[in-house]
Novice: 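Following this message is one structure expressed as structure tokens.
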There are 2 protein chains.
Amino acid sequence: MPSAIKSGKSGSRGEPEKTRAAILKAALEEFSYEGVAGARTDEIARRAGVNKALLYYYFKDKEGLYAAALEQVFSGLRERVMAVLERTDLPPREKLLLYVRTHFDYIASAPVYPRLVQREFMRSAGRALSPAASKVMERHGKPLYNRLEKLMNEGIASGDFRRVDPIHTVTSIIGTIVFYFISMPAQQLMHAGDPSSPERIAQRRAAVLDFICAAILTPAARDACKP
Amino acid sequence: MPSAIKSGKSGSRGEPEKTRAAILKAALEEFSYEGVAGARTDEIARRAGVNKALLYYYFKDKEGLYAAALEQVFSGLRERVMAVLERTDLPPREKLLLYVRTHFDYIASAPVYPRLVQREFMRSAGRALSPAASKVMERHGKPLYNRLEKLMNEGIASGDFRRVDPIHTVTSIIGTIVFYFISMPAQQLMHAGDPSSPERIAQRRAAVLDFICAAILTPAARDACKP
DNA sequence: GGCATTTAATTAACTGGTTATTTAATTATC
DNA sequence: GATAATTAAATAACCAGTTAATTAAATGCC
């Protein structure tokens, strides 16, 4: 048996990349449910199926692990969404729609993400915010926000969009995309069935697009949209 | 000196109701910033200006204190919003607008609230949700949601509202109202100045109303709205 | 191509500080 | 003097981070 899946006990066996990734994934889940303070390193290690000391071997400490988790989520989002926002071949209306779909689909691909992000958004309002968080926001959040504001202005200029306040409108758009996912337990309680089922997600996706289109597009632009 | 503000050292002095309220207020703040796990009982006691043991005297334990905080926030919201939603003298369009204003203003009156609620919404998605939370949601969240859905249906029937999906639309509305407040640190980073200043809040309020009106009202109903 | 040596990956068990919770005494008020 | 409110100090869980040992692969050397 040459390479293949070897499952030894300890020492310098199987790909360390996989171990690292497993830890990160477990951390992502745990942090998203319980927050940094609530997450237990023991539990993260257990879920990742590794010894706790490895968390400290790969990521300096709990906060480092948290920073890595944040970074992963944000960089993934930024990469995908930016690819859309930087296109020059789309008129504002199309670009907005594609953006919404892309953002929505990214979140839907791992509903753990928006909770992690939201937690960070809420941490320390009014107080100083964690260095890890501001770095991530600076690197990934800001460019995104700026591009979206630019898109708003372009759409207004072209007559595709109503004369809205660009800044607040961006906030409302993101809120609409995200809110369903960060309040799933409430959804679950309110309406029977699993809010994370593919059918429900598809329904939500359509509703989000409809809501945002109606809110932003001018009647003229809207007519040229769905039919 | 009979009653008045006496500030003795210990024993059975001043109104216990005030002590209780002070603890609850401090807890509210602390929980909203740090979450249940992150909040420190020492800090809560310090902020309330009382001995830590009093937390346990009035509220059994940390979780009990948390439940009480949740209850207070939710019951306040429900009381105000329900008063609007149960009115029979308003057509759907007016009722929707008044609801949005009322919900927004309640939150704006204490930006600590939505963070507390959001934290709870995110806790344990997929897992079993805390008994305290489901009790509160059952008692206060559900009636609210149901009334809002009813309002949607009435508005669609009357021709005030577009033919939207009532359930998802309610979610989008709440998301739009709430999102600004639960992502204030992000707002702060993105745009200079204090996002919680009265002027900014007023701007946000106008933007929320505009966004929701455009998203939901039919062109005819919208014309009869702002002018 | 076999042996010694280094290096990377992993673990079980421990430590030390933090923090929720209790206890028992103390003070006021009726 | 009983009862309710309050405190200082003790206790007991808990949990992030460490340590020192162990294993496996990689590297060099003859």
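Numbered from 1 within each chain, the chains take letters A, B, ... in sequence-line order.
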Novice: Can you find a side chain N or O atom of A:Thr19 that sits less than 4.0 Å from OP1 or OP2 on C:dT10?
Specialist: yes

Novice: Quickly work out the A:Ile23 CD1 to C:dA9 P distance and round it to whole Å.
Specialist: 11 Å

Novice: Using atom CD of A:Glu63 as one end and atom C1' of D:dC15 as the other, report the distance to the nearest whole Å.
Specialist: 16 Å

Novice: Looking across every strand, which nucleic acid part, if any, lies under 4.0 Å from A:Ala45 by heavy atom: base, sugar-phosphate, or nothing?
Specialist: nothing

Novice: Would you mind reading off the distance between A:Asp42 atom CG and C:dT11 atom C1', rounded to a whole angstrom?
Specialist: 14 Å

Novice: Given the rule in the side chain to side chain contact (heavy atoms under 4.5 Å, CB included) test, do A:Asn146 and B:Met190 qualify, once you have shown the distances and angles that lead to the verdict?
Specialist: CA-CA 9 Å; A:Asn146 289 341; B:Met190 237 50 92; 5.7 Å; no

Novice: What is the distance from NZ of A:Lys18 to P of C:dA9, rounded to the nearest Å?
Specialist: 15 Å

Novice: Taking ring pair (Phe, Tyr, Trp, His ring centres under 6.0 Å) as the definition, give me every residue that meets it alongside A:Tyr58, ordered by chain and number, with sequence neighbours left out.
Specialist: none

Novice: Please tabulate, for side-chain N and O atoms in residues 61-74 of chain A, each donor-acceptor pair with protein atoms closer than 3.5 Å (sequence neighbours left out).
Specialist:
from    : atom 1 : to       : atom 2 : distance (Å)
A:Asp61 : OD1    : A:Glu63  : N      : 3.3
A:Asp61 : OD1    : A:Gly64  : N      : 2.9
A:Lys62 : NZ     : A:Val36  : O      : 2.7
A:Lys62 : NZ     : A:Ala39  : O      : 2.9
A:Tyr66 : OH     : A:Glu120 : OE1    : 2.2
A:Glu71 : OE1    : A:His140 : NE2    : 3.4
A:Glu71 : OE2    : A:Arg139 : NH2    : 3.0
A:Glu71 : OE2    : A:His140 : NE2    : 3.1

Novice: Applying ring pair (Phe, Tyr, Trp, His ring centres under 6.0 Å), name anything that partners A:Phe59, two or more places apart in sequence or on another chain.
Specialist: none

Novice: Output the rounded distance in Å from CD (A:Glu30) to P (D:dA16).
Specialist: 10 Å

Novice: Please list, chain by chain and in numerical order, all residues satisfying ring pair (Phe, Tyr, Trp, His ring centres under 6.0 Å) with A:Tyr57, sequence neighbours excluded.
Specialist: none

Novice: Under 4.0 Å from OP1 or OP2 of D:dC14: is there any side-chain N or O of A:Arg40 that close?
Specialist: no

Novice: Expected output is a numbered-order residue list: members of residues 52-62 of chain B with a heavy atom under 4.0 Å from any atom of DNA chain C. What is it?
Specialist: B:Lys52, B:Ala53, B:Tyr56, B:Asp61, B:Lys62

Novice: Which part of the nucleic acid, if any, lies within contact of B:Ala39, taking any heavy atom under 4.0 Å across all strands shown: a base, the sugar-phosphate backbone alone, or nothing?
Specialist: sugar-phosphate

Novice: Need to verify one output field. Residue with the more 5' nearest nucleotide on DNA chain D, A:Gly38 or B:Asn51?
Specialist: B:Asn51

Novice: Do A:Phe104 and A:Phe181 make the cut of ring centroids closer than 6.0 angstrom?
Specialist: yes

Novice: Could you state the atom-to-atom distance from CZ of B:Arg20 to P of D:dT6 in whole Å?
Specialist: 13 Å

Novice: Hey, is the side chain of A:Thr41 poking within less than 4.0 Å of OP1 or OP2 on D:dA16, counting only N and O atoms?
Specialist: yes

Novice: What pairs with A:Tyr180 under side chain to side chain donor-acceptor pair (under 3.5 Å), at least two apart in sequence or on another chain?
Specialist: none

